[in-house]
Amino acid sequence: MITKQEIKELGHSFWTIVRSGVHGSEAEHLFINPGILAPNGAWLPLEPHQALHRTLKDEVHEWEGDCSIRVLSENPERVQFNGTVHWEATIIHNNARIVSEVGEQWIVERCDDGQLRFTNYWSNSFEYADGSAELVV
């Protein structure tokens, strides 16, 4: 069965691509349905998501506290994962620092090749720390 550690590693693989600044298509292999559901309800294809992150530098993604996993299906292996990520980034044009906690709710599936992929990647909440700059979408 899919483990929390495997899912966290999938998240880190995606965030490494996000920080790299490459074209969003470079992350498609991690997704069944490529794209991100933002906290405001907007659906962002991977390239616009990447373009947004290209306006940032010094990004940090760290898992915070507990996370949960709920089995949705055994064939295919599919789970719902809920966790919180401490996310920081510096806005390039003004050098202001964003410091936040982002709630993540993902549906992850083990595909026929044995690899995990996001079926649904939803950042379902976003809380800024006191004094944090804000991300303008």
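Model, not experiment: these values are computed from the prediction. For this chain, numbers begin at 1 and follow the sequence in order.
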Find out if a path of hydrophobic residues (ILVMFWY) with successive side-chain heavy-atom gaps under 4.5 Å connects Ile107 to Met1. no
To the nearest 0.5 Å, atom CG of Asn124 lies from atom OG1 of Thr84 at 8.5 Å
Can you list every salt bridge (Lys or Arg N to Asp or Glu O under 4.0 Å) pair that touches residues 17-30, not counting sequence neighbours? none
Between Leu37 and Gly41, what is the shortest heavy-atom contact and its length? CD1-O, 3.5 Å
Using a 4.5 Å cut-off on heavy atoms from C-beta on, say whether the side chain of Ile36 contacts that of Phe31. yes
Show which residues join Val99 in its hydrophobic cluster (side-chain heavy-atom contacts under 4.5 Å, direct or indirect), or state none. none
Is the backbone N or O of Gly103 less than 3.5 Å from a side-chain atom of Ser125, with the two atoms forming a donor-acceptor pair by type? yes
Any salt bridge (Lys or Arg N to Asp or Glu O under 4.0 Å) involving residues 77-93? Give me the pairs, sequence neighbours left out, ordered by first then second residue. Glu77-Arg110, Arg78-Glu109, Glu88-Arg97
Is there a chain of hydrophobic side chains (I, L, V, M, F, W, Y, each step under 4.5 Å between heavy atoms) that links Leu46 to Phe118? yes
Residue pair Val18, His49: steps toward the side-chain contact (heavy atoms from CB on, under 4.5 Å) verdict: CA-CA 8 Å; Val18 167; His49 180 262; 3.8 Å; yes
Ignoring hydrogens and geometry beyond distance, is a side-chain donor-acceptor pair present between Gln50 and His23 at under 3.5 Å? no
Taking the side chain from Ser100 and the backbone from Val102, do they hold a donor-acceptor pair closer than 3.5 Å? no
Going through the distances and angles, do Ile2 and Leu116 end up as a side-chain contact (heavy atoms from CB on, under 4.5 Å)? CA-CA 8 Å; Ile2 298 169; Leu116 294 185; 3.7 Å; yes
More than 12 heavy atoms from other groups under 6.0 Å of CD on Glu127: no
Atom pair OG1/CG of Thr90 and Asp58 - distance to nearest 0.5 Å: 4.5 Å
What are the two closest non-hydrogen atoms of Leu52 and Thr55, and how far apart are they? O-OG1, 2.6 Å
What's the separation between atom CG in Leu56 and atom CD in Glu59, rounded to the nearest 0.5 Å? 5.0 Å
Looking only at atom types and distance, does a side-chain atom of Asn33 sit under 3.5 Å from a main-chain N or O of Asn120, one as donor and one as acceptor? no
Taken in chain and number order and not counting sequence neighbours, the residues that satisfy salt bridge (Lys or Arg N to Asp or Glu O under 4.0 Å) with Asp113 are Arg117
Please tabulate, for the side chains in residues 7-15, all donor-acceptor contacts under 3.5 angstrom to protein atoms that are two or more places apart in sequence or on a different chain.
{"residue": "Glu9", "atom": "OE2", "partner": "Gln5", "partner atom": "NE2", "Å": "3.3"}
{"residue": "Ser13", "atom": "OG", "partner": "Glu9", "partner atom": "O", "Å": "3.1"}
{"residue": "Trp15", "atom": "NE1", "partner": "Tyr121", "partner atom": "OH", "Å": "3.0"}

In residues 62-74, what donor-acceptor pairs under 3.5 Å come from side-chain atoms, sequence neighbours left out?
{"residue": "Arg70", "atom": "NH2", "partner": "Gln80", "partner atom": "OE1", "Å": "2.9"}
{"residue": "Ser73", "atom": "OG", "partner": "Asn75", "partner atom": "N", "Å": "3.3"}
{"residue": "Ser73", "atom": "OG", "partner": "Pro76", "partner atom": "O", "Å": "2.8"}

I'd like to check the side-chain hydrogen bond (donor to acceptor under 3.5 Å, both in side chains) partners of Ser123; sequence neighbours left out, ordered by chain and number. Glu104
Would you mind reporting whether Ile17 and Leu30 have side-chain heavy atoms less than 4.5 Å apart? yes
Which residues share a ring pair (Phe, Tyr, Trp, His ring centres under 6.0 Å) with Phe126, sequence neighbours left out: Trp87, Tyr128
Could you list the residues that satisfy side-chain contact (heavy atoms from CB on, under 4.5 Å) with Ile92, not counting sequence neighbours? Lys57
Sort and list the pairs that fulfil salt bridge (Lys or Arg N to Asp or Glu O under 4.0 Å) and have at least one residue in residues 37-51, not counting sequence neighbours. Glu47-Arg54
Going by side-chain heavy atoms closer than 4.5 Å, which hydrophobic residues are tied to Ile32, directly or by a chain of links? none
Quick one: closest heavy-atom pair of Ser132 and Ile98, and the distance? OG-CA, 3.4 Å
Contacts of Trp122 that satisfy ring pair (Phe, Tyr, Trp, His ring centres under 6.0 Å) - sequence neighbours left out: none
